[in-house]
Number of protein chains: 2
Amino acid sequence: METRELRYFVAVAEELHFGRAAQRLGIAQPPLSRAIRQLERRLGVTLLERTSRSVLLTEAGSVLLAEGRAALDAVEAAERRARRAALAATGRPGLVLVTKAGASGELLPKLLDAYAAEPGAVPVDVLLCGIGEQERLLRDGRADVALLHRPFDSANGFDTEELCTEGQVAVLPAWHPLAGRAHLCTADVAALPGLPMPRWPHRDGTYPPGPGPQVRDHTQLLQLIALGRASAILPESCRPQLGRDLAAVPVLDAPTVTTVIAWPPHSRSQALAGLVRAATRI
Amino acid sequence: METRELRYFVAVAEELHFGRAAQRLGIAQPPLSRAIRQLERRLGVTLLERTSRSVLLTEAGSVLLAEGRAALDAVEAAERRARRAALAATGRPGLVLVTKAGASGELLPKLLDAYAAEPGAVPVDVLLCGIGEQERLLRDGRADVALLHRPFDSANGFDTEELCTEGQVAVLPAWHPLAGRAHLCTADVAALPGLPMPRWPHRDGTYPPGPGPQVRDHTQLLQLIALGRASAILPESCRPQLGRDLAAVPVLDAPTVTTVIAWPPHSRSQALAGLVRAATRI
DNA sequence: GGGCGGCGATACCCTCCGGGTATCGATTCC
DNA sequence: GGAATCGATACCCGGAGGGTATCGCCGCCC
C-alpha cells in the first residue's frame, strides 16, 4: 500500500464525501474514486458502502482509518526526524518539548534548568499546545518529547517516565459559599447550581454536547470561573496561577494526576536521553 | 514520502550495496540509484555516503532507517488489520496471540481457558515464535496480542497490563555441586567454570561474541545444560519443564521477571478487550 | 603498473499509471 | 416530473518509474 492511497482513503473516510475529499486533496473527483476502488480491489476488502446519496465506512474501513492515520503519522515522523537529524549533525542541534499551555507550572522551568546545567545540553524549544494535541505532535515527529498528564492524556504508544503525582482541587469563585470548605468531593462540584463544568474541544475542534461553557485554554477557563459562570477540577499545581478572585479546595475523591515525560520509542538521541535523565533526578 | 521510496531506502541501508538491494527488491540497479537520489533531493538531506567502493549511512540515514522500518511496519499493520477486520465481519473472527516458545508455561493455558469461558469469546490462534520476534509481529499486524517478559522483551510502544511477576532460578545439571544449594547469586552462576551462559541470536540472526554455546530455543538450551556444557538463569515458571537431570536454584539478586500482556495502541477490538479482561482477572 | 573487475552514475527509451475533462445514471427533493 | 447532487464511467494525456547499454572511478592482482 502506498502512502498516497492511504492519504486518499483517510481523506474520503473523514469527509464521507468524494467531492469534498478530492477538493481537500487538490485533485479531481474521478481519479479519487478510481484510486479508492483500486485500493479496495488490491486489499480484497470493501472499505466504503456507497450509494449515490451517501458514503459509509464499513467495519474494515474504520479499522483502516484508525490504523492508517497512525501509519501516516509514522511516515511523516520518519521524514521529519531524518531532516532534523541532518540539521543536528551539521548546524544547530536541539530538542522540541511540548506541553499543554497552562499546565505543569513549576515543573517545566525546574526541568529546563536542571537539563541546561548538564554537560552537553542542547537548546530546548518549548512548544505550548492545546488540549490533546501533544500526542499528535509527538507521534508525527514535530516534537521530540512531551510532558503529559495522566489520566487526561493517554501515553499509549510512547515510552514514559513518571515525574510526579498530585491531587486535584476544585477551582471556584472566591465568593462562593463552598470556597471556605477544607475539602470537597466530586459529587459536590458536579452538582453546583449555575457553575457547570466547562466543555473542552475534541481533537477535530467540535465540542461535546452539554450545559457547560465551551473553553479552549486555561486563561479562558479561569476567567469564566471568576465571572461565576463555571467551575473546574484541576491539578493542585495550578494554584500559583490563580488570582485573588479564585479559590482552590482539595477534592478528595478525584483521581490523582501523574505528570509523565514521554518520548517516541526507538529514539536513540543522546540529547533526549540527557533530558529524561535530568527529569528523573528532579 | 511514498512507502515505495521508503522500502527502497531501507533495502539499500540494510544491504549497504545498491546492486544487492536492487536484486532483493526485484528491480534493476539504475532505477534504484535514481530513486534514492530523488528521495535525498526531496528531503534535502544526504542519507548515504557513497564512494564507488562502499556505501555508508550518514547520521540522518540511520535515523531514517530506524524510523522508516517502524513506519513501514505501521503501514503493513494497517493493511493487515483492515483485511482481518473484513474477515472478522463476514466469516470467522479470531485473535492471534503470540508468545515465546517455551515461556509462560502455566499461564498461557489458564489464560486461554479463562477467556474461552467468557461469553462471546472468539477462537484464539496461538503463535509460538523465537526470541525477539514478538514485538515485530505485534507491530506489523501479524499478531493481535502478545505475552511479553520484561525486562527481556521491551514493551515499547504498546499498551500493556501486568499479569504476574516471578523470581529467577539458575538451571544447572543435577549432578553439579551447586545444585544442592538453597540459593545463589548471579556472580556465582556467571563464574561457573565450564558452564558458560549461552548466547542468544540477535534479531538479524547473528550471535554476539563470547564463550558460551549458541542456542536458538529452550529445548536446545536445556539439553546443553544437561550435557554439562552451559548454565542459565531463567524465570521460575520454567521449573515444570525441567527433567530429572536438571536442577533449579533460586538466584536472589537476579532481576524479577514480569509477564505482561501487550497489544497495539488504538485497538478497538471487542474480542481483544475481552481477552485482556480475562487476563487481568487471573 | 597496467589491465581487469566491481560498483555506482548517467543516458536514453518505453510503458503504464495517475490525473484531467466530459458525461452518464441514480437518487432525492421541491 | 424536472432539477440538483453525487458517485461511476469513458477517454485522453503527460510524466514518473522501470529497463538496457554504457561510462567513470577505484581497488586489486598478475
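Quick caveat: nothing in here was measured; it's all calculated off a predicted structure. Labels below follow one simple rule: chain letters A, B, ... track the order of the sequence lines, proteins then strands, and each chain is numbered from 1.
Glu2(A) comes within contact range of no nucleotide atom at all, as no heavy-atom separation falls under 4.0 Å. If you check every strand for non-hydrogen atoms under 4.0 Å, Arg34(A) touches a base.
Rounding to whole angstrom units, CG of residue Leu32(A) and P of dG20(C) are separated by 10 Å. Note: CD (Glu5(A)) to P (dC17(C)) measures 12 Å, nearest angstrom. As a whole-Å value, the separation of Arg41(A) CZ from dG18(C) P is 11 Å. Counting to the nearest Å, the P atom of dG18(C) and the CG atom of Leu39(A) are 11 Å from each other. Across the protein-nucleic acid pair, Gln29(B) atom CD and dA9(C) atom P stand 7 Å apart, rounded to whole Å.
Salt-bridge check for Arg139(A) with Glu76(A): failed, with every basic side-chain N at 4.0 Å or more from each acidic carboxylate O.
The nearest pair of heavy atoms linking Arg199(A) to Pro208(A) is NH1-O, 2.6 Å. Shown here for Arg142(A) and Asp140(A), the closest heavy-atom pair between the two residues is NH2-OD2, 2.7 Å.
Taking CG of Leu47(B) as the start and CG of Leu64(B) as the end, the distance is 5.5 Å to the nearest 0.5 Å.
Listed by chain and residue number, nothing satisfies the side-chain hydrogen bond (donor to acceptor under 3.5 Å, both in side chains) test with Gln134(A) (two or more places apart in sequence, or in another chain).
There is no side-chain donor-acceptor pair under 3.5 Å between Arg81(B) and Ser267(B). Thr3(B) and Glu2(A) share a side-chain donor-acceptor pair at under 3.5 Å. Inspection of the Gln223(A) and Thr219(A) side chains reveals no N or O donor paired with an N or O acceptor under 3.5 Å.
The side chain of Arg50(B) contributes an N or O atom lying less than 4.0 Å from OP1 or OP2 of dA9(C). At least one side-chain nitrogen or oxygen of Arg4(A) sits closer than 4.0 Å to the OP1 or OP2 atom of dG18(C). The phosphate of dG18(C) has OP1 or OP2 within less than 4.0 Å of a side-chain N or O from Gln38(A).
Near DNA chain C, defined here as any heavy-atom distance below 4.0 Å, the residues from residues 7-20 of chain A are Tyr8(A), listed numerically.
For DNA chain D, the contact window with chain A, defined by any atom under 4.0 Å from a protein heavy atom, covers dT5(D) to dC11(D) in 5' to 3' order.
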Apply salt bridge (charged side-chain N to carboxylate O under 4.0 Å, His left out) to Lys100(B) and Glu133(B), showing your working.
CA-CA 8 Å; Lys100(B) 272 191 295 242; Glu133(B) 292 177 41; over 6 Å; no
